[in-house]
Amino acid sequence: MTGPRPVPARAPRPARSSRPRPGRPRWRAVLGAGGRALPAALAVLLVLVAAAAPLLAPYDPVAGSLHERLLDPGAPGHPLGTDGQGRDMLSRLLLGARPSLACGIAPVAVATLAGTALGVTAGLGGRVTEQVLLRALDVLYAFPGILLAIAVATLLQAGAGTTVVALSVVLTPAVARVAFTETRRIRSAEYLEAARVSGAGPVVLALRQVLPVVAPVVLVYSSSLVGLAVVYAAGLSLLGIGVAPPAAEWGAMLDELRPSLLTHPWIAIQPALTVLAASVVFNTLGEALRRRIGGDESHGAGATGATGESDDSGAAPSDRGRHPAPEATR
């Protein structure tokens with residue numbers, strides 16, 4: 001009598017491939033590396049559309065017709081309808097992208113330059129310089145952003161230049177705080193001490209040693225302020241102290257279409273939806289960049305902790321890459 005037959009060994013199952021199945025793409029692949037590709041592409045598209053707006057607009061954004069007032073979206077020849085003066089909404093939205101994005105990007109650029117200079121100066125200066133600059137910035141920082149913008153704009157003549165100046169004043173203290181925090185983190189580093197001993201002056205020290213470290217964090221933070229600046233610029237125009245009609249600007253268009261909000265809501269809300277879309281695109285891009293630089297620095301901090309080495313500045317590794325949240329939204 002023979003024993004039980006041996007059970008044949010099963011062949012090992014092939015390992016599952018990590019590649020996404022056909023027809024089921026992963027969201028990371030769709031959005032790009034870290035989810036940055038899509039918002040970056042949309043932001044570039046917005047800028048390109050604004051630059052090419054005169055070529056893309058099917059009608060003159062200022063010329064209207066009383067016989068074609070308040071046409072609903074989908075009307076023949078007017079896919080987005082017309083406003084209260086018979087002007088094509090698509091043309092006005094396209095042309096309005098120029099001043100709206102300019103009033104959002106220009107003050108952020110000015111605030112980035114001014115805030116970085118003030119923050120680095122406060123971080124590298126003496127005790128008196130640091131306290132004078134920080135207390136002066138705190139005076140501006142104490143006001144709510146939109147109220148400070150309205151106060152500055154009312155002192156000047158309405159226009160795009162006024163909007164840029166007002167928003168630059170609002171955003172500079174927040175950027176300066178970020179630059180000061182990063183400068184203070186590295187101002188006791190050994191390589192800065194070596195540069196001082198070698199005879200490097202304050203300007204050379206700031207430009208060659210500090211700025212390359214501070215600039216990436218400041219730029220990432222500033223990118224998240226563009227969407228906020230676009231909303232603030234539209235708000236100033238809505239109140240009549242920004243870009244004035246009949247110029248095509250999203251906030252000014254909202255002001256002109258307010259009487260039609262109840263009777264023709266699909267016409268009146270189009271500028272608001274455009275402002276919302278631009279704000280979401282730039283905010284998403286800034287958040288993606290912030291997570292990217294935060295992930296890189298946290299990875300480096302983890303490596304430092306594993307090797308037992310400490311930071312030259314004396315700060316905890318977990319504090320690397322952190323900076324104040326966009327408090328200009330206060």
Side-chain angles (χ1 to χ4, degrees), residues 38-65 68-110 158-168 223 225-258 260 264 266-286:
L38 181 59
L42 292 177
V44 172
L45 179 62
L46 281 175
V47 175
L48 292 178
V49 168
L55 301 177
L56 300 176
Y59 298 96
D60 184 351
V62 181
S65 174
E68 297 181 340
R69 296 178 61 253
L70 296 174
L71 296 180
D72 291 330
H78 302 282
L80 296 183
T82 58
D83 65 0
Q85 299 183 28
R87 297 172 295 190
D88 182 63
M89 286 295 298
L90 177 59
S91 301
R92 291 185 62 78
L93 289 175
L94 289 174
L95 268 297
R98 277 190 165 186
S100 299
L101 294 183
C103 292
I105 296 175
V108 172
V110 174
T162 297
T163 301
V164 172
V165 172
L167 296 185
S168 299
S223 66
L225 298 178
V226 175
L228 176 67
V230 171
V231 175
Y232 277 5
L236 293 179
S237 298
L238 177 64
L239 296 176
I241 52 180
V243 179
E249 196 271 342
W250 295 338
M253 292 172 62
L254 278 172
D255 186 27
E256 292 179 332
L257 291 170
R258 276 190 299 177
S260 307
H264 296 80
W266 293 112
I267 299 294
I269 66 173
Q270 288 181 27
L273 294 178
T274 309
V275 172
L276 176 62
S279 176
V280 169
V281 167
F282 285 107
N283 286 341
T284 305
L285 176 60

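All of these numbers come straight from a predicted model, not from anything done at the bench. One is the number of the first residue; the rest follow in order along the sequence.
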Gap between atom OG of Ser223 and atom CG of Asn283 - 0.5 Å precision
9.5 Å
Results of salt bridge (Lys or Arg N to Asp or Glu O under 4.0 Å) for Arg69 - residues two or more places apart only
none
For residues 89-102, run the donor-acceptor check on the side chains, cut-off 3.5 Å, and write out each pair with its distance to 0.1 Å, sequence neighbours left out.
| unit_1 | atom_1 | unit_2 | atom_2 | d |
| --- | --- | --- | --- | --- |
| Ser91 | OG | Tyr59 | N | 3.0 |
| Ser91 | OG | Tyr59 | O | 3.3 |
| Ser91 | OG | Asp88 | OD2 | 2.8 |
| Arg92 | NH1 | Pro61 | O | 2.8 |
| Arg92 | NH2 | Glu256 | OE1 | 3.4 |
| Arg98 | NE | Ala50 | O | 3.0 |
| Arg98 | NH2 | Ala51 | O | 2.9 |
| Ser100 | OG | Gly96 | O | 2.8 |
| Ser100 | OG | Glu249 | OE2 | 3.3 |
| Ser100 | OG | Trp250 | N | 3.2 |

Just verifying a value: how many Å separate Leu225 CG and Ile105 CD1, rounded to the nearest 0.5 Å?
12.5 Å
Would you please name every residue forming a side chain to side chain contact (heavy atoms under 4.5 Å, CB included) with Leu239, sequence neighbours left out?
Ile150, Ile241
N/O donor-acceptor pair under 3.5 Å between Ser65 side chain and Gly86 backbone:
no
With a 4.5 Å heavy-atom cut-off, do Pro73 and Ile267 have their side chains touching?
yes
Partners meeting side chain to side chain contact (heavy atoms under 4.5 Å, CB included) with Ala234 (sequence neighbours left out):
Val275
For Val280, give me all partners under side chain to side chain contact (heavy atoms under 4.5 Å, CB included), at least two apart in sequence or on another chain.
Leu276, Thr284
From Leu71 CG over to His78 NE2, what is the distance, rounded to the nearest 0.5 angstrom?
6.0 Å
Evaluate the side-chain proximity of Leu46 to Phe282: yes if any heavy-atom separation is below 4.5 Å, no if none is.
yes
Checking Thr163 side chain against Ala233 main chain: does a donor-acceptor pair fall under 3.5 Å?
no
Short side-chain to backbone donor-acceptor contact, Gln270 and Trp266, under 3.5 Å:
yes
Sorted by chain and number, sequence neighbours left out, side chain to side chain contact (heavy atoms under 4.5 Å, CB included) with Leu254 holds for Leu238, Pro271, Ala272
Please check this pair: side chain of Ser237 against backbone of Val243, looking for a donor-acceptor N/O pair closer than 3.5 Å.
yes
Output for pair (Leu167 CG, Leu236 CG), nearest 0.5 Å, gives 5.5 Å
